[in-house]
Amino acid sequence: MNSKRPVNLEISTIHFPIPAIASIIHRISGIVAFVGIAFLLYGLDMSLSSRADFSSVADVMGHPLAKLVVWGILAALAYHLVAGIRHLIMDMGVGETLEGGRLSAKITFGVSIVLIILLGVWIW
Amino acid sequence: MVTSVTNLGRTGAFDWLMQRVSAVVLGVYTLFLAGYLLASPDLDYAQWAGLFDQMWMRIFSLLALISLGLHAWVGLWTITTDYIKPTALRFLIQAVCGLIMFVYLVWGVEILWGL
């Protein structure tokens, strides 16, 4: 190996490129959403069982821990949806360049953060 | 030569397309439900049960459930093949994921048509 190659092992200057961070969160949020579907299906099952079960779902949703769990699941779903739409737009040939990918990753983060905050406001 | 037997279809292009078709279905279903809940702040049991009593809603929901299974399979297959190298362990985890998807589907049918 050419010993004159520049060496850069400054930990503070090394980080994942923004599109890579967008991608790994897309994967993690997908797994969280997949597991979270169990909670949502359980809630749907209860809410459709009877009038009494419907109110007990409403009661459970009054608990802060339940709000937190549902917020987490919906946050994962929201990010996954936004990042997925980014991929569909890229599939159409829009924003496929390096700069385009960086910009759309930033837009994905921005839109997701706003959506997740709004979801929190809605739940509480 | 068969190089891959656990992916959804027999080609990557088929998986790619199914992932996107199912994504669109799930996205439309999610936005519909979110819009419905936002538009009905005083939702009661009768209205909620009435929505899922409609045939079109049951068809829409079943379509979303099947899409969920296909979408989750392609996604989790991609992730497991990327990160879990020992074949037996990867196969076991993929089998568990497949079982969960099947449980979700049957559970969903039970919720929608509840016998």
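First the proteins, then the strands, lettered A, B, ... as listed; each starts at 1. Just so it is clear, the structure is predicted and the values come from calculations on it, not from any experiment.
One distance of note links CG of A:Asp91 with CZ of B:Arg20; it measures 4.0 Å at 0.5 Å rounding. A:Leu41 CG to B:Leu65 CG: the interatomic distance, rounded to the nearest 0.5 Å, is 6.5 Å.
Residues A:Leu48 and B:Val109 are members of one and the same hydrophobic cluster, defined by side-chain heavy-atom contacts under 4.5 angstrom among Ile, Leu, Val, Met, Phe, Trp and Tyr. Connection of B:Leu51 to B:Tyr29 is established within a shared hydrophobic cluster, with ILVMFWY side chains joined at heavy-atom distances below 4.5 Å, either directly or through further cluster members. A single hydrophobic cluster is seen to contain both B:Leu33 and A:Tyr79, as judged by linkage of ILVMFWY side chains at heavy-atom distances under 4.5 Å, directly or through other members. Follow the hydrophobic side-chain contacts under 4.5 Å out from A:Val114 and you never reach A:Leu119; the two are in separate clusters. Both B:Ile79 and A:Ile21 are members of a single hydrophobic cluster when ILVMFWY side chains are connected at heavy-atom separations under 4.5 Å.
When heavy atoms are compared at a cutoff of 4.5 Å, A:Val35 approaches chain B solely by way of its backbone atoms N, CA, C and O. With a 4.5 angstrom heavy-atom cutoff, B:Val24 touches chain A only via side-chain atoms. Looking at B:Leu112, neither its backbone nor its side chain comes within 4.5 Å of chain A, counting heavy atoms on both sides. Neither the backbone nor the side chain of A:His26 comes within contact range of chain B; no heavy atom of the residue lies under 4.5 Å from a heavy atom of that chain. For chain A, the nearby parts of B:Tyr104 are the backbone and the side chain; heavy atoms of each come within less than 4.5 Å. Only the side chain of A:Ile24 comes within contact range of chain B, with at least one heavy atom under 4.5 Å from a heavy atom of that chain. Only the side chain of B:Trp107 comes within contact range of chain A, with heavy atoms under 4.5 Å apart.
Comparing B:Leu38, B:Thr30, B:Thr78 by heavy-atom pairs within less than 4.5 Å of chain A, the highest count is held by B:Leu38. With chain B as partner, the option from A:Ser49, A:Ser55, A:Gly30, A:Ala38 having the largest number of non-hydrogen pairs under 4.5 angstrom is A:Ala38. Contacts with chain B were tallied for A:Leu44, A:Asp53, A:Ile31, A:Leu88; A:Leu44 has the most, counting heavy-atom pairs under 4.5 Å. With chain B as the partner, the residue from A:Gly84, A:Ser50, A:Ala58 showing the most heavy-atom pairs under 4.5 Å is A:Ser50.
Side-chain atoms of B:Asp82 and A:Arg27, non-hydrogen and from C-beta on, do get closer than 4.5 Å to each other. Between B:Leu26 and A:Leu81, the closest side-chain pair of non-hydrogen atoms is not below 4.5 Å.
The environment of OH in A:Tyr42 is sparse: at most 12 heavy-atom neighbours from other residues, nucleotides or ligands sit within 6.0 Å. Annotation for B:Phe32: atom CZ counts as buried by contact number, over 12 foreign heavy atoms lying within 6.0 Å.
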- So A:Phe34 and B:His71, side chain to side chain contact (heavy atoms under 4.5 Å, CB included) or not? Walk me through it. CA-CA 10 Å; A:Phe34 180 62; B:His71 193 80; over 6 Å; no
